[in-house]
There are 2 protein chains.
Amino acid sequence: MATVKKKRSGESAEKKIVEAARKLFTEKGYYAIKTRDIAKEAGINLALLNYYFRSKEKLFAIIMKENTVRFMQIITEIVDDEKTSIEKKISMLVTNYIDMLSLNPDMPLFIMSHAQRDDQRIRMREKMMSSFFMKQIQQAIKSGKVANINPANLMMNIVSLTIFPFIARHVMQGLTPKQFNELMEERKRMIPLWIEAMLKVK
Amino acid sequence: MATVKKKRSGESAEKKIVEAARKLFTEKGYYAIKTRDIAKEAGINLALLNYYFRSKEKLFAIIMKENTVRFMQIITEIVDDEKTSIEKKISMLVTNYIDMLSLNPDMPLFIMSHAQRDDQRIRMREKMMSSFFMKQIQQAIKSGKVANINPANLMMNIVSLTIFPFIARHVMQGLTPKQFNELMEERKRMIPLWIEAMLKVK
DNA sequence: GTCTATATTCTGATAGAC
DNA sequence: GTCTATCAGAATATAGAC
């Protein structure tokens, strides 16, 4: 038996720690979570956390990086494609975000809450505003195909309608998780249509 | 000189503490702020904070209450009025929120971040869904004046378009505060028009 | 009411045995 | 690699002088 890896009952300790950290940091944020919480959740000893990651700060940086990459990747993969139509891109942005966030519902609030203290700041606006997607929009405005909307506001609208519900989940009490999912499924269909309607407003 | 109050250079100590706590908690959240930070910001001694408020938790509860009341008040004052039209209500919600949040830009992220741990939970959804405003909408749908939109989604859209930009401020880097304000001024005008357009989408 | 000093608990991190 | 035990500093809260 040469390169056999690990036993059952859960991966390497290192991986278990990262998983626990991802879960807890993303749920509650950097300051609310103590290293002891992570160790307990991971089912390992507190000392081991420092053995592998040296400090809470460094472990957090890993999770922050993971989350921002996953969060930005959706935009990155879509907006700069030169062969996709405006309508298709909007529809893809909405669908891909809602699908991803349904699996990671705490991610947006995590991102927004930690954007200040983050080193390699997230560049959502920059990414979208300098994209080929924005060129397409400006072209469509010039040719009169859509109304003269401020591109920054268009971008803000797509993102707001898609992401905000996940951020506001906890103040939207009364919705069961099932109802919330149904609502988001409906929004996947409707948001592109609503955006389209906006693009006709003078 | 009978009921003369206090000296210049800043109110009572109690008030100064509350003001410092409001500023810091709202900006950075419960866990990120230490009682020492508040004492320092208020320009008073640490012991005095406990003398007046007994614990960090109790002081925080006051700020939480203040913020949620101010946040909900806008909705409360508008949606149940029986003499105001749908269009006017939407316009008032948008304008009043943007005006208030321009003065308290950190409030929405504070509310969303602390909604979980809050005792007397915020009831945004409940308030809006059971309001006279919703009756008006349902009436308008029935009479065919607007498309058959899911009322929960309509409410989500109004709130998303209005509030999300304040939450995402820090990931929307590159905007100066001045540019941000201009953007929000434009949104005050446009959001009601965009909502109106949505309400025609089948 | 306001302060200084201090008690107490919490928390991040390390030393050292296995 | 993993654990137990422990340290050092931070953070909340209180005692007691003024």
Side-chain angles (χ1 to χ4, degrees), chain A residues 1-65 113-114 117-119, chain B residues 1-65 113-114 117-119:
Chain A
M1 42 164 107
T3 48
V4 175
K5 277 290 158 52
K6 282 290 162 358
K7 297 282 290 299
R8 197 54 62 264
S9 89
E11 317 288 310
S12 70
E14 189 173 0
K15 196 169 255 180
K16 282 194 291 185
I17 295 171
V18 173
E19 272 165 30
R22 174 170 39 243
K23 175 176 189 298
L24 295 180
F25 279 144
T26 306
E27 252 173 35
K28 302 284 186 69
Y30 179 77
Y31 293 104
I33 294 299
K34 311 304 171 187
T35 51
R36 279 170 172 76
D37 303 331
I38 298 172
K40 192 175 177 186
E41 172 77 25
I44 55 90
N45 189 275
L46 175 58
L48 211 50
L49 189 151
N50 276 67
Y51 171 76
Y52 279 116
F53 302 99
R54 167 76 186 144
S55 75
K56 178 187 180 183
E57 192 69 40
K58 284 186 170 51
L59 176 55
F60 177 79
I62 293 172
I63 307 305
M64 185 79 207
K65 181 81 179 176
S113 298
H114 297 82
R117 78 188 291 293
D118 187 26
D119 305 321
Chain B
M1 40 165 111
T3 49
V4 176
K5 279 289 157 54
K6 280 290 163 358
K7 296 284 287 301
R8 198 53 63 265
S9 89
E11 319 285 312
S12 69
E14 187 173 0
K15 197 170 256 179
K16 283 195 290 185
I17 295 170
V18 173
E19 273 165 28
R22 173 170 41 241
K23 176 177 188 299
L24 296 180
F25 278 144
T26 306
E27 252 171 35
K28 305 282 186 71
Y30 179 79
Y31 293 102
I33 293 299
K34 310 305 171 187
T35 51
R36 278 171 171 76
D37 304 331
I38 298 173
K40 192 176 179 187
E41 172 79 23
I44 54 90
N45 189 276
L46 176 59
L48 210 52
L49 189 152
N50 276 69
Y51 170 76
Y52 279 116
F53 301 99
R54 171 72 187 147
S55 75
K56 178 187 181 184
E57 192 69 40
K58 284 187 169 52
L59 176 55
F60 177 79
I62 293 172
I63 307 305
M64 185 78 207
K65 182 80 179 177
S113 298
H114 297 82
R117 74 190 294 292
D118 188 25
D119 304 322

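So you know, we letter chains A, B, ... as the sequences are listed, proteins then strands, and number each from 1. For clarity, every value in this text was computed on a predicted model and none was experimentally measured.
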Trainee: How many Å lie between CD1 on Ile33(B) and P on dA11(D), as a whole number?
Mentor: 11 Å
Trainee: So, for Phe25(A) and His114(A), is the gap between ring centers shorter than 6.0 Å?
Mentor: no
Trainee: Rounded to the nearest Å, what distance is computed from the CG atom of residue Asn50(A) to the C1' atom of nucleotide dA5(D)?
Mentor: 15 Å
Trainee: NZ of Lys28(B) versus P of dA11(D): gap in Å, rounded?
Mentor: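 About 13 Å, once rounded to whole Å.
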Trainee: Whole angstrom is fine here: how far is it from OH in Tyr31(B) over to P in dC10(C)?
Mentor: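 Atom-to-atom, Tyr31(B) to dC10(C), this comes out as 14 Å.
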Trainee: Does anything in residues 30-49 of chain A pair up under side chain to side chain donor-acceptor pair (under 3.5 Å), and if so which pairs, sequence neighbours excluded?
Mentor: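 Only Tyr30(A)-Glu57(A) qualify under side chain to side chain donor-acceptor pair (under 3.5 Å).
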Trainee: Once rounded to the nearest 0.5 Å, what's the spacing between atom OH of Tyr51(B) and atom CG of Leu46(B)?
Mentor: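 Here the rounded value is 15.5 Å.
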Trainee: For side-chain contact (heavy atoms from CB on, under 4.5 Å), just list the numbers for Phe60(B) and Ile33(B), CA-CA rounded to whole Å, side-chain angles, deciding distance to a tenth of an Å, and then say yes or no.
Mentor: CA-CA 10 Å; Phe60(B) 177 79; Ile33(B) 293 299; over 6 Å; no
Trainee: Round to a whole Å and report the spacing from NZ of Lys56(B) to C1' of dA10(D).
Mentor: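 Computing the Lys56(B):NZ to dA10(D):C1' distance gives 12 Å.
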Trainee: Evaluate whether atom CZ of Arg117(B) has more than 12 neighbouring non-hydrogen atoms of other residues, nucleotides or ligands under 6.0 angstrom away.
Mentor: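 Atom CZ in Arg117(B) is crowded, with more than 12 foreign heavy atoms closer than 6.0 Å.
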Trainee: Base, sugar-phosphate alone, or nothing: which one does Arg54(B) contact when heavy atoms must sit under 4.0 Å apart?
Mentor: sugar-phosphate
Trainee: About how many Å separate CG of Leu59(A) and CE of Met64(A), when rounded to the nearest 0.5 Å?
Mentor: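 These two atoms lie 13.5 Å from each other.
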Trainee: Can a side chain N or O of Thr35(A) be found less than 4.0 Å away from OP1 or OP2 on dT11(C)?
Mentor: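 Negative; the distance criterion is not met.
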Trainee: Mind calculating the distance between CG (Asp37(B)) and C1' (dA11(D)) to the nearest angstrom?
Mentor: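 Interatomic distance, CG of Asp37(B) to C1' of dA11(D): 10 Å.
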Trainee: Can you pull every protein N or O that's under 3.5 Å from an N or O on nucleotides 2-4 of chain C?
Mentor:
from	atom 1	to	atom 2	distance (Å)
dT2(C)	OP2	Tyr52(B)	OH	2.7
dC3(C)	OP2	Asn45(B)	N	3.0
dT4(C)	OP2	Asn45(B)	ND2	2.9

Trainee: Starting from C1' on dA11(D), measure out to CZ on Arg36(A) and report it in whole angstrom.
Mentor: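 Going from Arg36(A) (CZ) to dA11(D) (C1'), I get 14 Å.
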Trainee: Write down the distance between CG (Leu49(A)) and C1' (dG1(D)), rounded to a whole number of angstrom.
Mentor: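 Spelled out: CG on Leu49(A) to C1' on dG1(D) is 14 Å.
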